[in-house]
Structures are given as C-alpha cells and as structure tokens.
Asker: 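Have a look at this one before I ask anything.
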Number of protein chains: 2
Amino acid sequence: MPPGTRAALVDAAARLLDEGGPEAVTLREVGRLAGVSHNAPYKHFADKRALLGAVAARELTGLAEAFEPGRGGDAGEVLRAAMHHYAGWALAHPERFKLVFGRWPGDDLPELGAAAETAQARLVALVAAAQESGALPPGEPERLGSLVRALTHGAVDLALSGHIAEGGKGNAGPGQLVDDLFRYLAG
Amino acid sequence: MPPGTRAALVDAAARLLDEGGPEAVTLREVGRLAGVSHNAPYKHFADKRALLGAVAARELTGLAEAFEPGRGGDAGEVLRAAMHHYAGWALAHPERFKLVFGRWPGDDLPELGAAAETAQARLVALVAAAQESGALPPGEPERLGSLVRALTHGAVDLALSGHIAEGGKGNAGPGQLVDDLFRYLAG
DNA sequence: ACCTGAACACCGTTCAAGT
DNA sequence: ACCTGAACACCGTTCAAGT
C-alpha cells in the first residue's frame with residue numbers, strides 16, 4: 001500500500017483546505033478525491049475534526065523540522081531565519097496556519113499536542129544558543145522564546161486578517177517586524 | 001422598537017458564538033433566541049457571514065474604544081494598559097477574538113474594515129505620545145505600533161491555542177510578555 | 001480489517017405568500 | 001418594510017451489510 005488510504009485522505013483534506021477553508025473540506029469530497037466512498041474516512045478517523053487534526057499535526061511537524069538546531073553559523077541568525085521561515089510558511093498557506101492554531105478543545109488528538117511540544121522545545125534550544133552567542137539578552141530562554149515567537153505569530157496573523165497593512169507609510173510586513181525585534185533585543 | 005430585531009439578532013449570534021463557536025451559530029437558533037422565524041435574519045443580513053461580520057464589527061468597535069487617547073498620565077503606561085486590556089478581552093472572550101481576526105475574504109463588510117482602521121489609527125496615536133514622553137524609542141509610530149500590537153496579539157493567540165503554556169518554569173502569560181517587551185524597548 | 005449504500009437529522013438558502 | 005412556512009440541496013454521522 002504505497003499511498004495508503006489514510007495518507008490519501010489527509011492529502012485530499014489538505015488540498016481542499018487550501019482551496020476553500022475548513023468548510024470546503026467535506027467528507028464526501030475528501031472521499032471522492034481519495035477514490036473511496038464518502039464515509040470511508042470513518043474507518044481511519046473518529047470524525048471530521050480528527051481528520052483535520054491529522055492535517056494540522058502533519059503541518060506542525062513539518063514546521064518543527066525548520067526549528068532543528070543549526071549545523072553551525074551564528075546562532076542568532078539561525079533563530080532569525082527560523083522565524084522568517086515560520087512567517088513565510090504561514091503567509092504561503094494561510095488556511096493551514098489558521099487550522100493549526102485554531103481552537104482544539106478537549107484533550108484528544110495527542111498527535112497534535114506532541115508536535116506542538118516538539119516545536120516549542122526546539123525553539124527554546126535555538127534561543128538558548130543565541131543567548132550564549134550574545135545575540136540575545138540573558139534570562140529564561142522559555143520566556144524569551146515565547147516573546148520572539150509571539151511577535152512572529154502575531155505579525156503574521158494580523159497581516160493575514162488585514163489588520164496591519166503592509167506598504168503604507170511606516171507599515172511593515174511580518175519579516176520586517178521580526179528584524180526590528182531582533183535589533184531591539186540586541187540592544 | 002426599543003431592542004430592534006437587527007440588534008436582537010446580533011445579540012443572539014454573539015451569545016451562541018460564546019457558548020459553542022461559529023458552528024453553534026445556526027440561523028434557526030438565532031431566530032429562536034430573537035423571537036423570530038429562522039429566516040427572518042435574511043431581511044437584515046445578506047447571509048450568515050454578514051451576521052457574523054456584524055458581531056465582529058461590534059466587538060472590534062468596543063475594543064477600539066479602549067484605545068482612546070488617555071486623559072493624561074504617563075503615555076507609556078496608557079499604551080501598556082491598552083495592550084493589557086486587549087489581552088484581557090481576548091482571553092475572556094476567545095471565540096469573539098478568533099472571529100474578529102479570522103479570515104474575511106472579499107471586500108464587503110465595510111463596517112468591519114472601518115472598525116479595524118479606527119483601532120489601528122488610535123493605537124498609532126498612543127504610540128506617538130509614548131515616544132514623545134520618552135517611554136518608547138523613536139522611529140515610525142506605525143511600525144512600532146505594529147510591533148507592540150503584533151506581540152500582544154500573538155501572545156494571546158498562542159496562549160489560547162495552548163502553544164505557549166503559562167505556569168511552567170520560564171513560561172509567561174500574555175500580560176508578562178507585554179511587560180517584557182516594554183522593558184526591552186525602554187532599553 | 002476495510003469498505004459501501006441507504007438512511008436520518010440538521011443546516012443555509014430560496015421562494016411564494018402574507019401584513 | 002418586515003416576516004412566515006414550505007421546500008431544496010447539502011452535509012456529518014450512523015447502521016446494516018458486504019469482502
């Protein structure tokens with residue numbers, strides 16, 4: 001089973017998500033794209049929410065890979081590049097971004113929670129390395145990592161929803177705001 | 001018509017939104033809560049999306065009021081208090097926050113766009129005042145305002161989706177991250 | 001173990017009609 | 001100008017049955 005029905009279902013759901021948002025992800029269309037019946041998904045996922053959760057987990061795992069410790073070079077630059085990658089991914093795939101960071105009430109979907117923990121742990125390691133190199137000020141790396149990530153995340157989210165427009169007089173895109181923050185933090 | 005059917009519909013939609021998210025806002029239940037039939041909303045709004053847009057616009061207008069220029073006092077503190085208010089509102093009403101900053105494709109819903117512009121213009125004025133008082137560094141107030149707001153917004157959004165946990169070792173809540181940023185900006 | 005087809009309840013939207 | 005009731009197409013989910 002090279003493709004596997006489960007993977008084909010996740011693929012189809014991601015494609016429909018990109019094209020028309022979560023409400024365009026109907027189980028009937030997912031099944032049609034995957035070449036199965038409209039309720040075959042129930043043999044692989046508890047419900048539509050779990051299918052979307054699998055899409056989100058796959059996406060977040062891919063994002064976490066970009067947070068892998070750099071093979072060398074300036075640690076501050078590695079972290080800055082990781083945040084630019086975060087912003088670039090979100091701007092290129094707004095529906096996936098909104099899905100990953102949407103509300104997931106309940107304690108199920110452990111796959112998604114694990115991916116989130118991996119991403120944050122790797123980011124904290126990058127921050128700690130940047131602190132050691134002197135690119136970032138001292139302090140708890142978890143807290144400074146949350147600061148850096150919150151700025152990047154918020155800049156992207158506001159840009160996607162049109163609440164901070166790029167191109168105006170003093171307005172800036174997410175990438176510029178990330179660079180601004182690193183400059184302020186470098187003192 | 002003291003309440004007005006339109007206002008009653010928006011009220012009902014907001015209540016259902018708080019209780020169960022956007023998918024709990026069914027036109028049938030909205031009508032029932034407002035004491036009208038399940039398709040009376042179509043006499044006041046083009047569709048369900050426009051009804052939710054009215055809820056979002058009302059919410060964003062209320063938020064913008066908190067950005068009104070302070071009657072005095074330290075301008076830096078006024079801005080910091082405004083960001084704490086932003087975070088407090090979002091944490092208290094997560095569904096409204098997610099709705100306001102969700103995706104609104106298309107150029108309709110001018111009410112929502114106008115509220116967004118008002119909010120951002122007022123924030124920029126607060127930033128400019130804080131710069132004059134020396135609480136914030138110089139530079140384009142639009143750009144610095146975007147930085148401050150992006151951090152606040154991102155901290156709240158990540159906290160709501162559980163991607164930065166409060167209470168852990170070095171972890172911090174949105175309010176603490178806002179204070180951290182102001183400290184770094186004050187140099 | 002995985003899939004299908006029919007069926008059910010529910011929802012957004014439209015329409016003809018009423019005051 | 002505002003509202004109602006019936007109707008339509010569509011969707012998530014369940015179930016009995018097939019291999």
Side-chain angles (χ1 to χ4, degrees), chain A residues 1-58 95 98-99 102-106 108-109 111-112, chain B residues 1-58 95 98-99 102-106 108-109 111-112:
Chain A
M1 42 158 156
T5 299
R6 188 193 146 99
L9 292 169
V10 174
D11 277 344
R15 197 149 86 232
L16 291 169
L17 177 72
D18 283 340
E19 289 169 5
E23 66 266 34
V25 184
T26 68
L27 293 183
R28 283 165 168 84
E29 191 65 10
V30 165
R32 205 185 60 78
L33 285 179
V36 292
S37 78
H38 76 284
N39 45 15
Y42 285 96
K43 309 306 164 183
H44 300 269
F45 303 96
D47 49 21
K48 175 176 175 177
R49 179 184 130 90
L51 170 61
L52 288 175
V55 174
R58 194 183 70 170
E95 295 293 349
K98 285 287 187 185
L99 178 74
R103 310 212 73 210
W104 295 99
D108 45 350
L109 309 180
E111 204 186 354
L112 186 55
Chain B
M1 39 157 158
T5 299
R6 188 193 148 99
L9 290 169
V10 175
D11 276 346
R15 198 149 88 233
L16 290 170
L17 177 73
D18 284 340
E19 288 169 5
E23 66 265 33
V25 184
T26 68
L27 293 183
R28 283 165 168 83
E29 191 65 10
V30 165
R32 205 186 60 78
L33 285 179
V36 292
S37 78
H38 76 283
N39 45 15
Y42 286 96
K43 310 305 164 184
H44 300 268
F45 303 97
D47 49 20
K48 175 177 175 176
R49 180 184 128 90
L51 171 60
L52 288 175
V55 173
R58 194 183 71 170
E95 296 294 349
K98 286 286 187 185
L99 178 74
R103 311 213 72 212
W104 295 98
D108 46 349
L109 307 181
E111 205 186 354
L112 187 54

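As the structure is a computational prediction, the values presented were derived from the model and not from experiment.
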Asker: Return one dot-bracket line describing DNA chain C 5' to 3' (Watson-Crick or G-U wobble pairs, both distances under 3.5 Å; ( ) same strand, [ ] crossing, | another strand, . none).
Answerer: ||.|||||...|||||.||
Asker: Encode nucleotides 7-19 of chain D as B, S and - characters from 5' to 3', where the letter depends on protein heavy atoms closer than 4.0 Å: B to the base, S only to sugar-phosphate, - to neither.
Answerer: B---BBBBB----
Asker: Rounded to the nearest Å, what distance is computed from the CG atom of residue B:L9 to the C1' atom of nucleotide D:dC2?
Answerer: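 Those two atoms, CG and C1', are 12 Å apart.
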Asker: To the nearest angstrom, how far is A:R32 atom CZ from C:dT4 atom P?
Answerer: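 In whole Å, C:dT4 P and A:R32 CZ are 14 Å from each other.
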Asker: For a side chain to side chain contact (heavy atoms under 4.5 Å, CB included) check, start with the C-alpha distance between B:L51 and B:L27, then their side-chain angles and the critical distance, and finish with the verdict.
Answerer: CA-CA 9 Å; B:L51 171 60; B:L27 293 183; 3.9 Å; yes
Asker: Once rounded to the nearest 0.5 Å, what's the spacing between atom CG of A:L33 and atom CG of A:D11?
Answerer: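 Result: 10.0 Å between the selected atoms.
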Asker: With sequence neighbours left out, write down each residue that passes salt bridge (Lys or Arg N to Asp or Glu O under 4.0 Å) with A:R15, or none if nothing qualifies.
Answerer: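 Salt bridge (Lys or Arg N to Asp or Glu O under 4.0 Å) check on A:R15 returns nothing, list empty.
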Asker: Write down the atom of A:A50, the atom of A:L109, and the distance for their closest heavy-atom approach.
Answerer: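 For A:A50 versus A:L109, the nearest heavy atoms are CA-CD2, 4.0 Å.
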Asker: If the threshold is 4.0 Å, N to carboxylate O, is there a salt bridge linking B:E95 and B:K98?
Answerer: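 Salt bridge between B:E95 and B:K98, a charged N being under 4.0 Å from a carboxylate O: no.
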Asker: Rounded to the nearest 0.5 Å, how far apart are CZ of B:R49 and CH2 of B:W104?
Answerer: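 Nearest 0.5 Å value for the CZ-CH2 distance: 6.5 Å.
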Asker: How long is the span from the NE2 atom in B:H44 to the CG atom in B:L9, to the nearest 0.5 Å?
Answerer: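 Output value for this atom pair is 6.0 Å.
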Asker: Output yes when at least one side-chain N/O atom of B:T5 is less than 4.0 Å from OP1 or OP2 of D:dC3, else no.
Answerer: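 So the side chain of B:T5 is within the cut-off, an N or O lying under 4.0 Å from OP1 or OP2 of D:dC3.
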